[in-house]
Amino acid sequence: MKVYQSHDIKNIALLGNDGAGKTTLTESLIFESGQIKRRGRITQKNTVSDYFPVEQDYGYSVFSTVFHVERNNKKLNIIDCPGSDDFVGAALTALNVTDTALLLINGSVGLEVGTQNHFRYTEKLKKPVIFLVNQLDDEKTDFDNVVEQIQGVYGAKAVPVQYPIATGPDFNSVIDVLLMKKLTWGPDGGEATVEDIPADQMDKATEWNKVLVEAAAENDEALMEKFFETEQLTEDEMREGIRKGMVTRSIYPIFCVCAVKNMGVGRLMEFLSNVVPFVDEMPAVHNTRGEEVALDPNGPTSIYFYKTGVEPHIGEVQYFKVMSGTLHAGDELQNADRGSKERIAQIYVCSGANRQNVDMLCAGDLGCTVKLKDVRTGNTLNQKDCENKFNFIEYPNPKYTRAIKAVDESNTEKMMAALTRMRQEDPTWIVEQSKELRQTLVHGQGEFHLRTLKWRLENLDKIPVEFAEQRIPYRETITKTARADYRHKKQSGGAGQFGEVHLIIEPYKDGMEDPTAYQFGNQEIRVNLKGREEIDLEWGGKLVFINSVVGGAIDARFMPAILKGIMSRMEQGPLTGSYARDVRVVVYDGKMHPVDSNELSFMLAGRNAFSAAFKDAGPKLLEPIYDVEVFVPSDAMGDVMSDLQGRRGMIIGMGSENGYEKIQARVPLKEMASYSTSLSSLSGGRASFVMKFSSYESVPGDLQNQLIADFEAQNKEE
């Protein structure tokens, strides 16, 4: 295969909602490039994309597929991404390592939530966008209406380059207003017949051409001057103006295609090869030190591993982007993240499961390799004396969590190894062994996301697993001041155990002044500050521990033991066994024995005194509250708001964003366990949401009583 230089390479992410036809389009693109002799079909399970068993079983894309096509001496690296929002990690990864987004739209449906979500990601990452309307042969497709939808949401920046003369089963031709020609295909698609525009289409074509010319001219002063003088641009000038406009996101070209009949695919490839920005025309990436890393084939070699795949009979396949320099087969590089050395024995370019061996890849190119010793997704490999490290991909917070366990406990270790490996393939799967909840938790983007994980464990790794709802990480705290004392005394022959602790506890807030005295009835207890320790708790909140013991009632050497006893009770609160937080403890008195006192005695005395005081200090449970943003079509907004309120959610804001209504709410985590499934049902799969931890707030009294009763009943059973 020819070696392509940076100024001949273009990287493109193929995005769109489920059902838009991305896998079918991929087949047509690869077929048109001559890499395959026959186009595969999803129903026959023989496509270049969707070649993993789980994808063929479900009929959905689960992983992104990297492929390339060659056209006009240009190399187009394209990453076909899953459409479901459950697999958003693949789309975000692809957008971060490519430069242009090709947003495929199902013409019979129009703009869908997946399309809008993907566009938001391009907006955040400032990536050029091309809209591609597919399925023009569907009788429900109304191209003009789809264009109106796109322009209604994204404005006049969205400009048609083509339009179909007619849609439906008889679709076979478009008017291309960049070429100002009619393109017609035979029943099998392929290469178009180029003809003059019919007289009955000339007025519409001229009008749309003028809009396109003006949009192209706006991106270059010289072109704008010529446009004002002549109101015309040459085809090459229009291409240049469109390219510059795409880089600045001031124009979103709209194209037509019928992927299943291979109509319009060749023309699309022409546009991608001639107009889409090259890799060296896009802004440079910065390394973790904030330094700009130039896309220079002659610079030091750095490659970034953005994806890991695991394939039968091969093992791990590591996908990378050459960030700078030129990579040669046989190069020995240093892993900037793990400190190990790696020899890149072989380099491949990809088309799904098909790989072609190459000798070298230049800056900006995408490739893959196999049989590396110690490389993980997100690692950077550098040549000697180069110290780049990259970390530019930000993944969304998880939205769906389940506890997971092996049906046969003897498979637990094997299950954990499989989960660790699978997270390399999809970083949006997060595995957590929760000491607090005593569960292994798997966090993902939705029910289907986790169902896919379960399928793979059971069908590929042969490990039957079961899901359960996660326990909620409640917190315990107090609402008023209380005091208690406890004497630990034990005598069993020889040296005994003795320790007595008197303490006061109260709620703590940041910025509180240290206490000077407490009043309990007629008794005043003065505080003599001998020592103060402020502990930031791992689970949030603080514990402030004050030593106010005078007269040597308790030796200072026993204070750490008392604190240890209190901390052990903070880790298992008296109400429900949840972590406690935001408490100030003042140890003001006690007793010790010259022989029998030891650290264990004071640890137990401190623990029990704290527990007794906690129960008298107006204890309350706190629950985690999440900020939730829901993007929903206007016709489903009422149902979604009612559902949120039924989940004890508080609506805090509403607005519109890119044609969708946005609802902002604060909802307890307990009520979000199956929200993704419910939201899909309420909106017909058209809504999406994101959630992020906000704060801990009080649990309602009736729910608190129920949780405490459940905890006590569980303890009795145990």
Side-chain angles (χ1 to χ4, degrees), residues 10 12 14 16 25 29 32 71-72 76 100-105 107 111 115 119 122 128-136 141-151 154-167 171-185 192 194-197 201-220 223 227 232-259 263-277:
K10 306 187 180 196
I12 299 159
L14 176 55
L25 176 61
L29 286 165
E32 280 291 308
R71 193 80 166 193
N72 298 333
L76 310 178
T100 301
L102 187 58
L103 265 175
L104 194 62
I105 296 172
L111 283 182
T115 318
F119 187 89
T122 71
V129 171
I130 300 169
F131 288 106
L132 182 60
V133 183
N134 189 22
Q135 291 153 329
L136 297 174
T141 296
D142 182 340
F143 181 79
D144 289 345
N145 182 54
V146 174
V147 171
E148 282 182 24
Q149 287 183 37
I150 296 170
Q151 292 179 335
Y154 305 115
K157 291 180 179 181
V159 181
V161 177
Q162 300 173 328
Y163 70 87
I165 293 176
T167 56
F171 165 78
N172 70 346
S173 59
V174 301
I175 302 298
D176 192 305
V177 299
L178 173 56
L179 302 177
M180 283 303 282
K181 293 290 182 181
K182 176 188 174 186
L183 308 180
T184 304
W185 294 274
V194 182
E195 305 170 286
D196 290 333
I197 296 174
Q201 294 294 322
M202 187 55 75
D203 287 347
K204 182 175 181 179
T206 302
E207 180 185 345
W208 284 33
N209 173 264
K210 185 177 180 181
V211 172
L212 182 62
V213 169
E214 188 172 349
E218 286 178 354
N219 302 295
D220 186 283
L223 295 179
F227 174 72
Q232 293 294 325
L233 296 177
T234 67
E235 188 180 319
D236 286 342
E237 287 170 338
M238 289 175 68
R239 285 174 175 160
E240 184 64 21
I242 293 170
R243 177 188 289 119
K244 290 181 177 178
M246 288 182 66
V247 172
T248 58
R249 287 177 58 88
S250 55
I251 184 171
Y252 309 133
I254 303 175
F255 269 78
C256 301
V257 74
C258 180
M263 295 180 180
V265 176
R267 171 62 182 134
L268 172 66
M269 290 171 68
E270 289 289 330
F271 183 83
L272 295 177
S273 64
N274 289 329
V275 181
V276 163

message = If the threshold is 4.0 Å, N to carboxylate O, is there a salt bridge linking E240 and R243?
response =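 R243 and E240: salt-bridged.
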
Would you call K244 and D220 a salt bridge, taking side-chain N to carboxylate O under 4.0 Å as the test?
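Here K244 pairs with D220 in a salt bridge, since their nearest N and O are under 4.0 Å apart.
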
Is it the case that the side chains of [Y] and [X] hold a donor-acceptor pair, with the cut-off being a distance below 3.5 Å and no angle test?
X	Y	result
T234	R239	no
E195	T184	yes
T167	D142	no

Could you tell me whether the side chain of [Y] reaches within less than 4.5 Å of the side chain of [X], counting heavy atoms only?
X	Y	answer
V276	P128	no
V147	Q151	yes
L183	Q162	yes
I254	L132	no
I105	L111	yes
M180	E235	no
I175	K204	no
M246	T100	yes

Check ring pair (Phe, Tyr, Trp, His ring centres under 6.0 Å) between W208 and all other residues, then give those that pass, not counting sequence neighbours.
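If we apply the ring pair (Phe, Tyr, Trp, His ring centres under 6.0 Å) test to W208, skipping adjacent residues, the hits are Y163.
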
Residues passing the ring pair (Phe, Tyr, Trp, His ring centres under 6.0 Å) test with Y252, sequence neighbours excluded, are F119

Locate the shortest heavy-atom distance separating [X] from [Y]; write the atom from each residue and the value.
X	Y	value
T115	Y154	O-OH, 4.5 Å
A205	I197	CB-CD1, 3.8 Å
N172	M263	CA-SD, 4.0 Å
F143	C256	CE1-SG, 3.5 Å
C258	F171	CB-CE2, 3.7 Å

Measuring from [X]:[atom1] to [Y]:[atom2], what's the distance to the nearest 0.5 Å?
X	Y	atom1	atom2	answer
L268	E32	CG	CD	10.0 Å
L212	L233	CG	CG	9.0 Å
L272	K10	CG	NZ	8.0 Å
L103	L14	CG	CG	9.0 Å
I242	L223	CD1	CG	10.5 Å
Q201	I165	CD	CD1	5.0 Å

Given side-chain contact (heavy atoms from CB on, under 4.5 Å), test L102 with V129 step by step and report yes or no. CA-CA 6 Å; L102 187 58; V129 171; over 6 Å; no

Partner of R267 under side-chain contact (heavy atoms from CB on, under 4.5 Å), picked from L178, V174, V257, is L178

Using the benzene-type ring in the case of Trp, are the ring centres of F255 and F131 under 6.0 Å apart?
no

### Message
For K210, is the NZ atom crowded, meaning more than 12 foreign heavy atoms sit under 6.0 Å from it?
### Response
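No - once you tally the heavy atoms of other residues, nucleotides and ligands closer than 6.0 Å, there are 12 at most.
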
Any donor-acceptor pair under 3.5 Å from S250 side chain to G245 backbone =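 At least one qualifying donor-acceptor pair exists.
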
*Counting N and O atoms only, with roles assigned by atom type, does the side chain of K182 sit under 3.5 Å from a partner on the main chain of S173, one being a donor and the other an acceptor?*
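The answer is no, because no donor-acceptor pair under 3.5 Å joins these two groups.
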
Item to check | Derivation of the side-chain contact (heavy atoms from CB on, under 4.5 Å) call for L25 and N134 | outcome: CA-CA 9 Å; L25 176 61; N134 189 22; 5.6 Å; no

*Could you give me the CA-CA distance, side-chain angles and deciding distance for K157 and E218, then say whether side-chain contact (heavy atoms from CB on, under 4.5 Å) is met?*
CA-CA 11 Å; K157 291 180 179 181; E218 286 178 354; over 6 Å; no

Full working for side-chain contact (heavy atoms from CB on, under 4.5 Å) between M238 and N209: CA-CA 10 Å; M238 289 175 68; N209 173 264; 4.1 Å; yes

